[in-house]
Amino acid sequence: AGMNGTAIENFVCVIYNVSFMNCTWHVGRTASGDTQYFLYWKTSRKEDLTECQNYIKDNCGRHTGCRFQNVTIENKRAYFLVNGSRSGQNIQSHEKMIMLYKIEKLTPPLNVTVNCREASHVCEISWQPPRTSHVKRHACFKYEIVIENK
């Protein structure tokens, strides 16, 4: 239900620094200035939907995103619902299911060290895998090294 063009557009979520997640969206094309959106989510069928506690707002005070802390991925899928209200009219809702591991932005590898021996022109580069909440096997990571000769 609701007038066409009032639902949010371009809904995107990103997990970063292991346990933080930001979800953002654009206001619907035909949504008026008094339209307000509300984000709800859950990570299992048994859970009740939980409303965002830390909204991101635009210059008009409308909710255009949400910041989450202590998000655990554990190969879970999450269900998101964004609905809205404005004086006297229904707003179209937007629903999306996301596999959380697919939206994680990994940190860079840790403890990168480079040891070069001038005499033999040999360098040894070592590092540790990035921090992540869901990848348990280090063999799952692939790395690319770009060497610039200066």
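Judged by distance alone, the side chains of Glu124 and Asn115 never bring a donor and an acceptor atom under 3.5 Å apart. Using modelled atom types and a 3.5 Å distance limit, the side chains of Ser126 and Thr113 yield a donor-acceptor pair. No side-chain donor-acceptor contact under 3.5 Å links Gln69 and Ser19.
For the two cysteine residues Cys13 and Cys23, the thiol sulfurs sit under 2.5 Å apart.
Thr43 contributes no side-chain N or O that, together with a main-chain N or O of Lys76, makes up a donor-acceptor pair within less than 3.5 Å. Remark: side-chain polar atoms of Thr35 are not paired, donor with acceptor, to backbone N or O of Ile91 under 3.5 angstrom. A donor-acceptor pair is defined here as one N or O able to donate and one able to accept, closer than 3.5 Å; no such pair exists between the side chain of Trp127 and the backbone of Pro108. Looking at Tyr79, its side chain never comes within 3.5 Å of a backbone N or O of Glu95 through a donor-acceptor pair. Side-chain N or O atoms of Asp58 include one that pairs as donor or acceptor with a backbone N or O of Gly61 at under 3.5 Å.
Taking the side chain as every heavy atom from C-beta outward, Tyr40 and Val82 never approach each other to under 4.5 Å. Proximity of Lys42 to Asp48: side-chain heavy atoms (C-beta onward) are nowhere separated by under 4.5 Å. Asn83 places none of its side-chain heavy atoms less than 4.5 Å from the side chain of Gln92. Between Ile15 and Leu100, some side-chain heavy-atom pair lies under the 4.5 Å cut-off. Two residues are said to be in side-chain contact when any heavy atoms from C-beta on lie closer than 4.5 Å; Gln36 and His63 meet this criterion. Contact annotation: the side chain of Phe20 never approaches that of Phe68 to less than 4.5 Å [non-hydrogen atoms, C-beta and beyond].
Hydrophobic clustering (side-chain heavy atoms under 4.5 Å, transitive across Ile, Leu, Val, Met, Phe, Trp, Tyr) keeps Val122 apart from Ile147. Ile145 and Leu110 sit in two unconnected hydrophobic clusters of ILVMFWY residues. Membership requires side-chain heavy atoms under 4.5 Å apart, directly or through other members. When hydrophobic clusters are built by joining Ile, Leu, Val, Met, Phe, Trp and Tyr residues whose side-chain heavy atoms come closer than 4.5 Å, directly or via intermediates, Ile103 is not grouped with Val18. In terms of hydrophobic clustering, with Ile, Leu, Val, Met, Phe, Trp and Tyr side chains grouped at heavy-atom distances under 4.5 Å, Ile56 and Leu81 are assigned to different clusters. In terms of hydrophobic clustering, with Ile, Leu, Val, Met, Phe, Trp and Tyr side chains grouped at heavy-atom distances under 4.5 Å, Val12 and Leu106 are assigned to different clusters.
Among all heavy-atom pairs drawn from Gly84 and Phe38, the shortest one is CA-CD1, 4.3 Å. Taking both residues in full, the closest heavy atoms of Ser93 and Ala7 are given as O-CB, 4.1 Å, listed atom of the first, atom of the second, then distance. Of all non-hydrogen atoms in Pro130 and Tyr143, the two that sit nearest each other are CD-OH, 3.7 Å. The minimum heavy-atom distance between Thr107 and Arg131, with the atom names listed, is OG1-N, 3.2 Å. The two atoms that bring Tyr37 and Gly28 nearest to each other are OH-N, 3.1 Å, heavy atoms only.
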>> Run Thr132 and Glu104 through side chain to side chain contact (heavy atoms under 4.5 Å, CB included) and show every step you take.
In response: CA-CA 9 Å; Thr132 177; Glu104 183 177 19; 3.0 Å; yes
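Put simply, the residue from Lys57, Glu51, Gln53 that forms a side-chain hydrogen bond (donor to acceptor under 3.5 Å, both in side chains) with Tyr55 is Glu51. Tested against Glu9 for a side-chain hydrogen bond (donor to acceptor under 3.5 Å, both in side chains), the candidates Arg29, His94, His26 yield a single pass: Arg29.
Separating the NZ atom in Lys96 from the CD1 atom in Ile8 is a distance of 9.0 Å, to the nearest 0.5 Å. In this structure, Met21 CE and Cys66 SG are separated by 7.5 Å, a value rounded to the nearest 0.5 Å. Rounded to the nearest 0.5 Å, atoms SG (Cys60) and CZ (Arg62) are 4.5 Å apart.
Checked against a 6.0 Å centroid threshold, the rings of Phe80 and Phe11 count as neighbours.
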